[in-house]
Amino acid sequence: MEQDLEQRLTIFEREGLAAPAIVAFVRQILGWLEQEAQCPGDEEHMGPLASHLLLALERVRRGEDLGSAWSPLVHEEASALAVLPHLQDWAGQIRAQALQQLGLRLPAEEEDFLLLHLGALVLRGQEL
């Protein structure tokens with residue numbers, strides 16, 4: 001993982017935007033994705049995914065909902081991207097690991113956003 005992405009994680013933890021256990025979990029997931037997706041672990045490729053996953057897990061930990069950010073259009077976009085190779089498997093692994101390691105279950109709305117970010121990661125990786 002490159003320094004700029006590591007700095008993002010540090011800021012989230014230092015500023016209390018995400019619990020230390022969530023930051024450690026996301027760090028682990030980003031390292032795993034860097035290997036699985038064979039893409040750079042940098043701000044450009046993984047920054048948006050990192051931020052979303054940190055905030056999504058923190059929302060679940062605090063018992064907050066996503067609110068008005070989700071719409072049926074988000075679900076449609078996520079469904080369209082689900083045909084990309086490995087996307088469903090990666091999302092499933094992340095959900096399972098979040099439940100196993102943190103005891104946090106991502107709601108369907110957060111899963112849609114996770115698929116969007118993973119899809120963007122795959123598409124950026126194809127540009128390399």
**Report entry** Residue pair Gln93 / Glu36, side-chain heavy-atom distance below 4.5 Å
**Finding:** no
**Report entry** Arg95 side chain reached by Arg105 side chain, heavy atoms, under 4.5 Å
**Finding:** no
Requested in this report: If the plane angle is over 60° it's perpendicular, under 30° parallel, otherwise tilted; pick one for Trp32 and Trp90.
Outcome: perpendicular
Query raised in the report: What is the distance from atom SG of Cys39 to atom CE of Met46, rounded to the nearest 0.5 Å?
Result: 3.5 Å
Report task. Decide side-chain contact (heavy atoms from CB on, under 4.5 Å) for Glu110 and Leu53; before the verdict, give the C-alpha distance in whole Å, the side-chain angles of both, and the deciding distance to 0.1 Å. Result -> CA-CA 9 Å; Glu110 295 287 8; Leu53 193 53; over 6 Å; no
**Report entry** Point-to-point distance, once rounded to the nearest 0.5 Å, from CG of Leu123 to CG of Leu84
**Finding:** 5.5 Å
Query raised in the report: Are the side chains of Leu49 and Ile29 in touch, meaning some heavy atoms are under 4.5 Å apart?
Result: no
Report summary line: CG (Leu104) and CD (Gln97) are apart, to the nearest 0.5 Å, by 12.5 Å
Query raised in the report: Can you check side-chain contact (heavy atoms from CB on, under 4.5 Å) on Leu55 and Phe12, steps first, answer last?
Result: CA-CA 9 Å; Leu55 293 172; Phe12 268 80; 3.6 Å; yes
Query - For the student: nearest non-hydrogen atoms of Leu115 and Ala91, plus distance - result: CD2-CB, 3.8 Å
**Report entry** Separation of Gln101 CD from Leu57 CG (nearest 0.5 Å)
**Finding:** 10.5 Å
Query raised in the report: If every non-hydrogen atom of Leu30 is compared with every non-hydrogen atom of Ala50, which pair is closest and at what distance?
Result: CD1-CB, 3.7 Å
Query raised in the report: With a 3.5 Å cut-off and no angle check, do the side chains of Glu34 and His45 form a donor-acceptor pair?
Result: no
**Report entry** Exam field: side chain Glu58 to backbone Ala19, donor-acceptor pair closer than 3.5 Å
**Finding:** yes
Report summary line: Heavy atoms of Asp112 and Ala78 approach each other most closely as O-CB, 3.5 Å
Report summary line: Rounded to the nearest 0.5 angstrom, the CD1-CZ distance for Ile22 and Arg59 is 10.5 Å
Query - Same apolar cluster (I L V M F W Y, side chains within < 4.5 Å links), Leu17/Val26 - result: yes
Query - Sub-4.5 Å side-chain heavy-atom contact between Arg61 and Leu102 - result: no
Query raised in the report: Given Val122 and His86, is the side-chain contact (heavy atoms from CB on, under 4.5 Å) satisfied, shown in steps?
Result: CA-CA 9 Å; Val122 167; His86 309 294; over 6 Å; no
Query raised in the report: Quick one: are Leu54 and Leu9 in side-chain contact, heavy atoms under 4.5 Å?
Result: yes
Query raised in the report: Given Glu111, which of Ile94, Leu116, Leu106 fulfils the side-chain contact (heavy atoms from CB on, under 4.5 Å) condition?
Result: Leu106
